[in-house]
Every structure is written in structure tokens, then in C-alpha cells.
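Each remark here refers to the structure printed beneath this line.
Index from 1, following the sequence.
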Amino acid sequence: MASLNTLRTKFGVVLSIVIGIALLAFILSLKAEMGFSGNDPKVGEINGEKIKYTEYMAAYEKAKAMLGGEASTDEQFDQLSNAAWQQLFSELVLMPGFEKMGIRLTETERKAIISGEIPTQAFYALFADPRTGEFSLEAVSEFLAQAETNPQAAALWAQLIEQARQEREVAKYLAVVKNGANLTTPELERGVAAANKAYTGKYVSKSYSSVPDSLITVSTADLKAYYNSHKESYKQLPNRTISYVVFDVEATSDDMLAVENEVKKANEQFSVAEDLKAYARENRYAQVSDRYLALKQFGDEEAEALAEGKQYGPVLKNNVWTMSRVLDTKMAPDSIGVRHLALPYTETELADSLATQLRNGVAFAEVGEGAGEERVYPFAAFTDEFIPALSTAKVGDVVEITAGNAIHIMQIYRMDKPSKHIRAVTVTYPVEASAATKREIHGKAGILAVDGAGSLDNFNAAATAAAVTPRVATINQGERSIRGLENSRDIVRWAADAKKGDISEIFNVGNDYVVAMLTEIDDQEYASFEKRQNQIRNIVMRDKKYAYILNELNAASLEEAAKSLGSEVKEFTDVRYGSFYVQNLGFEPRVIGAITASEQGVVSAPVKGNTGLYVFVVENIADDQKQTLEQEKVRAQATAEGMAMQASFSAIQQMAEMEDLRAKYF
């Protein structure tokens, strides 16, 4: 069983939630003293409740502590940010709603959670035995004893109970929704028929693209009529549109020549260096591998050179100059099969005991109590801490290795035949734009930022003068990046607070520079007719072309239909109700639905497909009995329950009418 010291170590990150909240409270107290008490901006709204900056930051600090600390990438930041937002949503919408429904955590359930009878993620994350993964009531008791004298532990215990309560109440609500998703016998029978019946036959079609647009008249009145009758399809989030240009920062021919000369000078030193590690310490472009790689893991040319003890390169590939030399070689198996168990680094006595048992013949499964894993690793996967023990091990050996914050117990059950492995020193010089080139391109971006100000026409004219092409992006409320533009968080933050017609500063996006103009702010509930006009025109044009083709059609038989449409009779096979794509037809759900609802031998009514008009005859309906009623019940019930649970939360979120303004600040 884990010691109390191990338990404290395990809780270290989570206990920081209390410290984080205390620090936040201290900062907030200073705000009032410094005269900023009124500057607590709104970052959103949930269910009519304004979310202030300080409230959101408190939730963020909790999420950061519970999920493991600071975010180092945009993706990690988004994960923490969304966790904080969901926590606020839970507190303001879900929990009050559950209370009204009578869904609550009973005292009996609370005790069952603490004892492990009712598993919850909150408790299992902290009180699971590190060897078995099983819930440890002893660990709970140890922690509660600690909480009696430790205020931080007591505060964390209260937080765990609250988190478990929310988790349990959500589970009970989902159970209610799930139990309401019931299927009738006729529905299941139709599902079996849909899965088992395969339709074969012939069809005639004529595509909309075969009708020239010039033959069709589409008026503004037609478009507006469609828009008004389908307005619910054009619901939208508040959004902002920007026009932006990207100045690619690329190396010039002079830059490439300069890098090549630098590589030549480096090669003169690298090729004669006797102490490669010392050379690597002095050259920021050099790297000493921490692994031994098999020859097959190098490129063919590099492997050939290194195998003979020669230097590889310098070689230019993919805008990178590369050269490498052998630092050390070792005969080692290409792969090693190990049974592996990891323990906290504090469990030295337990690790020694388990390793001794394994060496004395006790089965790994018995020692590991079902934990650990059995897996084959390439030798190149192991770093310096593992290499000395594993390179000399034999099948059947048991080794103990301390690496990082864990003690690894490994029992070797397989070893490939040894082969030559190489540790190399590699020098890579990327071909990049020089500082002078970057300044020149930055200057061009600066000129556009000045000349393009005032209007979109000015912006476009300045872009033309700079030989760059404007792009357009629409940023919906809640989004914090622009699709296709890496590291665009700063641009989104600027756009969230800019006014129409504002032109941005010069943003660094990856290696490039970006200048943007805010061209539109649209806070309307529905996208305007003007914004969707071209999209609607395509739909109305399609509908009118269908009517045009329908007027030409003579569907007395497939042959007559083909003759009247100037088409030919084709075959379709294995069409099933659950199909999404059918050979020769493509993605045509209406046609698939019509086929599977048809009688054999009857010429169908015309079907308006996605790409054209279709007429068909079903010639054969095969029943292959792939799906039984019981199998369909399992499949359909699981689908219905999943859709019901997903739809229920989606509906709750819509009813909460959330406003997400986080992009203005984060």
C-alpha cells in the first residue's frame, strides 16, 4: 500500500488548488486597494449570469491545479480554459437544474463514493493503488487523518466531495435521459430489414450541371422567398470578419549562400574534432543523441557512411544542411520484449521486494497483481538511464532502473539478435531568412499597415502594391484561432476588441508577418440575406434545374426516360438503407431512401438528388440475414441512448443562451 509520504507526493499538484485560490484572493484584495475595484470586465454570460474576469480566473485556477499545472501550448491552454468554462456552466446551469428535478447526492451515496462502492473519477484519480489501479480505502483513511490537522488537505477534501457530487448528479441525470430512449418492436424490425435487404436494379439520371445556367431565370424575389422560408437554417453566432495578408518570410539567394558558407566553416571544424561532445557544447546547431539507433533507422546514405565510421554530409535536404559523425557504437538487439511495472520513486523497498520475488521465480502477473504491461520495444526507445542495464541483459533477467520520478521493474522475455547500434552527433543548419531579410519584409508589412488604413479599398490597394493577396476569415464568438493560420491567438484577441475599419499592428505568425483589417461586425441572430445570397442562389438554381429536367422527362419506362433525357440506363448494386455512399451514384441519401422504400419492378417517381434527377427500377431485393433482431436491439438502443444524452446537453446549452467573450482577454 502506498505510504503517506507517497500519498502527499501524489496530491502535491492537486493541493496547489488551495494555494492558487489563496493567491487569487490576495491579488483581488490588492485590486481594491490600488483603485481597480471597478475594473472587473465581463468575459461572458451563462443563463443570464454575467461572468466577471475574476470569477473566470478563479475557475481557471481550479482547473489548472486539478489538470496538472501551467499550460505551455495553445492546445493545453484551450483545454484548461474549456474546463473552467464547463465548471461555471455546471455551477450556474446544471446543478441548479438538477436540484429542481430532485436529483441530488444522498448521504448513502456520499458514503459509497468515499468507500469506493460507487466509483468516481475524482476519487479514483487520487486514491487508486499505484500497483493495482484498485481503489484504496486505506489511502482515503490516511488522507482524512492528515486533513484533521492540515487546512490545505481539509480544503481539498471539501473540493473532492463537491466534484464527486457534480459527477454523480450528472451521471444520474444521464441515466434518466438514457432510460427514456426506448425503441418499439416495429422500429427494431424496420432496422433489421434495413440492414439485411440489399437492392439491385437500374437507373437513369441527368445532372444539373448539364443544364446551362443561361436557360434558368433566378430573380431576387426567388432568393428572398427561399431565405424567408428557411431562415432558421441561417442562425449564427455573433462573429467578426477580417481581411488579412501574410508576408512570407523566406530566405533569399543571398541568405542561402551565407548559410552555405557558415556550414562550410563548421564542417572544417566538425570533420577534424576529436572530442565531439565538446564540439557539440560549443555549437548551438549540434546535438548529441541520447539514444542508440539501429542502422536501418538512418537514411540509406547516412547509414552507409556511419557504418563505415565516416562522416555523413554536409548535405542539403528540405532546406536543412545536415552532417553527422559516430560518437559511440554498441552491439544491441533491435528490439526487447519486457514485462514492465512502474512504481513511484519513493517505493524503493517495495521495488526491491518485487524484483526479488521475480528473480526467485514468482510469475510476473502474480507480483504485479494484474498491473503493468507486456510489450516489445525497439532498443532505440530507451534513453541513457535504461541503456547500461538493458544492453547487457539476457532473457529471463530482472532489472531495476530509476528514471525520472519512477522505479521501473523490467523482466526480459524476448531479445532479438544483437546488431550494430550507433549514437551520433548531428549538426543541422536550417536555411532561414537572415535578420536583414526579416527587417526588409517587416518594413513592407509596416508600409501596408500605414497605406492600407482608412478603408477596405485602401487595404486592398496597399496589398496589391505589396504583391500580397488578401484573405478573408470569419471569427465566431468563442473561437480563439483562425483556421489555416498557426499561432493566430493574438489576431483573434485584437479582432474581438477592434472597431470596424481598424487596421492591426504587425503580428508574428510562425515565421511570417500578418496585417489585418476588421471589415465587419455581425451580432445578428441570423445571417443576413446579403451574406447568404450566393449560397441561396446555388440552391434555387438547383431546384429550378430540377424542374426544367422534370419537364423534359418521359418516365413510362427507363428506356423512354433515358431517351427523353439524352442519357443512358445504368446499374446499381447492394444499396442498403444505412448506406451513405453507393457506387455509381455517389452521396445521394434521397435516392438511397427512395430505392429502399420501393417495390420490385416498378418505375419510380422522379427523385431530386444532390447532383441531378434520378429515375430507377428495383430488379431484385436480397435478404442476407446479416443482422438479427437481438443484434439490432443492442445497436439501435446504444445509438438512441447516445443521441439522446448528447442532444439533451446540447439543448441545455442552447437554453442557457451563453455569451462567450473570453477571446477578448485570453
Side-chain angles (χ1 to χ4, degrees), residues 74 239-263 285 315-322 428-476 479-522 527-528 530-535 537-538 663-664:
D74 283 350
N239 60 80
R240 292 175 173 239
T241 302
I242 63 170
S243 182
Y244 68 96
V245 293
V246 178
F247 288 86
D248 296 322
V249 180
E250 298 177 342
T252 64
S253 56
D254 288 342
D255 295 336
M256 297 174 71
L257 181 59
V259 174
E260 185 176 356
N261 290 333
E262 188 177 0
V263 170
Y285 294 104
V315 174
L316 177 63
K317 289 184 178 180
N318 300 321
N319 275 339
V320 176
W321 284 99
T322 302
T428 55
Y429 281 82
V431 178
E432 298 175 329
S434 65
T437 298
K438 291 179 180 178
R439 284 194 298 270
E440 181 182 352
I441 297 173
H442 191 277
K444 291 180 180 179
I447 292 172
L448 184 143
V450 173
D451 293 347
S455 69
L456 183 58
D457 289 339
N458 290 348
F459 186 83
N460 290 335
T464 300
V468 289
T469 303
R471 310 175 192 178
V472 176
T474 297
I475 307 167
N476 289 319
E479 292 180 341
R480 292 194 291 280
S481 62
I482 297 170
R483 185 176 300 175
L485 199 60
E486 62 175 331
N487 302 324
S488 53
R489 180 68 53 83
D490 289 342
I491 302 175
V492 174
R493 189 179 298 120
W494 165 80
D497 209 30
K499 296 181 176 62
K500 184 177 179 180
D502 283 358
I503 198 164
S504 75
E505 60 189 278
I506 301 172
F507 292 106
N508 285 91
V509 177
N511 295 322
D512 304 325
Y513 300 122
V514 172
V515 179
M517 172 175 277
L518 186 68
T519 58
E520 184 180 3
I521 299 174
D522 189 351
S528 66
E530 289 71 23
K531 185 178 284 190
R532 293 288 182 260
Q533 186 170 351
N534 290 336
Q535 175 188 353
R537 178 177 293 276
N538 292 334
K664 292 179 66 174

Short side-chain to backbone donor-acceptor contact, Arg480 and Val492, under 3.5 Å: no
message: Just verifying a value: how many Å separate Thr241 OG1 and Asp522 CG, rounded to the nearest 0.5 Å?
response: 7.5 Å
statement: Given the options Val245, Ile482, Val514, Val246, Arg471 meets side-chain contact (heavy atoms from CB on, under 4.5 Å) only with Val246
query: Measuring from Thr474:OG1 to Lys531:NZ, what's the distance to the nearest 0.5 Å?
result: 6.0 Å
task: Could you check Phe247 against His442 for side chain to side chain contact (heavy atoms under 4.5 Å, CB included), going step by step and ending with a plain yes or no?
output: CA-CA 8 Å; Phe247 288 86; His442 191 277; over 6 Å; no
task: Would you check if Val320 and Tyr429 make a side-chain contact, meaning some heavy-atom pair closer than 4.5 Å?
output: no
- prompt: Are the side chain of Asn458 and the backbone of Ala453 linked by a donor-acceptor contact shorter than 3.5 Å?
  reply: yes
task: Quick one: closest heavy-atom pair of Ile441 and Asp248, and the distance?
output: CD1-O, 3.6 Å
query: Can you name the closest pair of heavy atoms from Ala433 and Val249 and give their distance?
result: CB-CG1, 3.6 Å
task: Start with the C-alpha gap between Glu486 and Val509, add the side-chain angles, then the distance that decides, and say whether side chain to side chain contact (heavy atoms under 4.5 Å, CB included) holds.
output: CA-CA 6 Å; Glu486 62 175 331; Val509 177; 4.3 Å; yes
- request: Spell out, as yes or no, whether a donor-acceptor pair under 3.5 Å connects the side chain of Ser488 to the backbone of Ile491.
  value: no
- line: Scanning both residues in full, the closest heavy-atom pair of Pro470 with Asn460 reads CG-OD1, 3.6 Å
- request: Heavy atoms only: give me the nearest Val259-Pro430 pair and the separation to one decimal.
  value: CG1-O, 4.0 Å
query: When you look at CG of Asn318, are more than 12 heavy atoms from neighbouring residues, nucleotides or ligands closer to it than 6.0 Å?
result: no
message: Using every non-hydrogen atom in the two residues, find where Gly510 and Asn487 come nearest and quote the distance to one decimal.
response: N-ND2, 3.8 Å
Criterion side chain to side chain contact (heavy atoms under 4.5 Å, CB included) on Leu448 and Val468, from CA distance to verdict: CA-CA 10 Å; Leu448 184 143; Val468 289; 4.1 Å; yes
task: Work out which heavy atom in Tyr244 is nearest to a heavy atom in Phe459; give both atom names and the distance.
output: CA-CZ, 4.1 Å
field: Euclidean distance, Arg240 CZ relative to Glu479 CD, rounded to 0.5 Å
entry: 13.5 Å
- line: Between the CZ atom in Phe507 and the CG atom in Leu485, the distance rounded to the nearest 0.5 Å is 10.5 Å
- request: Find the distance between CD1 (Ile503) and CG (Leu456) and round it off to the nearest 0.5 Å.
  value: 10.0 Å
field: Atom pair CD1 (Ile475) and CZ (Arg493), whose distance is rounded to the nearest 0.5 Å
entry: 12.0 Å
